[in-house]
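To start, the structure itself, in structure tokens.
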Amino acid sequence: MGAWFWWMILGMAVVTYIPRAIPLTFLEGRELPASVQNVLSNIPYAVLGALIFPAIFFIQEGNIWFGVIGAIAAFGIAFAGANVMIVVLGSIAVLACYSLFFM
């Protein structure tokens, strides 16, 4: 392995560490306003939506219903107020049942 490999790993470590260290350093001991806490609590759902939505249109098997049913299941479970992990596992379970019985 060349030196570029180690520099690349070091660069990725720094870029990953900085966004975590800055809030911990500057916000230590402070209470965030309720509006900021509400926005931050919705970030996992926004990221989940950003990951799921493109996959609806780019189904590898060519069955668009697979993506549509997965999206409906994920949106429905998230709308019910479930945890992000429950949303992911629930949509996987719905698609597993769909692929067993209808594909």
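The structure presented is a predicted model; accordingly, all values stated were derived computationally and were not measured.
- By the ring pair (Phe, Tyr, Trp, His ring centres under 6.0 Å) test, Phe5 pairs with no residue at all, sequence neighbours left out.
- Hydrophobic clustering (side-chain heavy atoms under 4.5 Å, transitive across Ile, Leu, Val, Met, Phe, Trp, Tyr) keeps Leu24 apart from Ile18.
- Among residues two or more places apart in sequence or in another chain, the side-chain hydrogen bond (donor to acceptor under 3.5 Å, both in side chains) test is passed with Glu28 by none.
- Hydrophobic clustering, defined by side-chain heavy atoms of Ile, Leu, Val, Met, Phe, Trp and Tyr closer than 4.5 Å, leaves Tyr17 isolated from every other such residue.
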Item to check | Worked check of side-chain contact (heavy atoms from CB on, under 4.5 Å) between Trp65 and Tyr98 | outcome: CA-CA 10 Å; Trp65 288 108; Tyr98 174 74; 3.7 Å; yes
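- Note that the CD1 atom of Ile64 and the CD1 atom of Ile69 stand 11.0 Å from one another [nearest 0.5 Å].
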Checklist entry - Can you list the steps and then say if Leu32 with Leu40 is a side-chain contact (heavy atoms from CB on, under 4.5 Å)? => result CA-CA 10 Å; Leu32 293 175; Leu40 291 176; 3.8 Å; yes
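- Under the 4.5 Å side-chain heavy-atom criterion for grouping Ile, Leu, Val, Met, Phe, Trp and Tyr, Leu89 is not connected to Phe75 through any hydrophobic cluster.
- Tracing side-chain contacts under 4.5 Å through hydrophobic residues (I, L, V, M, F, W, Y), one never reaches Ile22 starting from Val15; they form parts of separate clusters.
- One hydrophobic cluster holds both Val36 and Leu27 under the rule that ILVMFWY side chains link at heavy-atom gaps under 4.5 Å.
- Listed here is the closest heavy atom pair of Ser91 and Ile77: N-CD1, 3.9 Å.
- Residues Val68 and Phe101 share a single hydrophobic cluster, defined by chaining ILVMFWY side chains whose heavy atoms lie under 4.5 Å apart.
- Considering every non-hydrogen atom in both Thr16 and Met12, the closest pair reads OG1-O, 2.7 Å.
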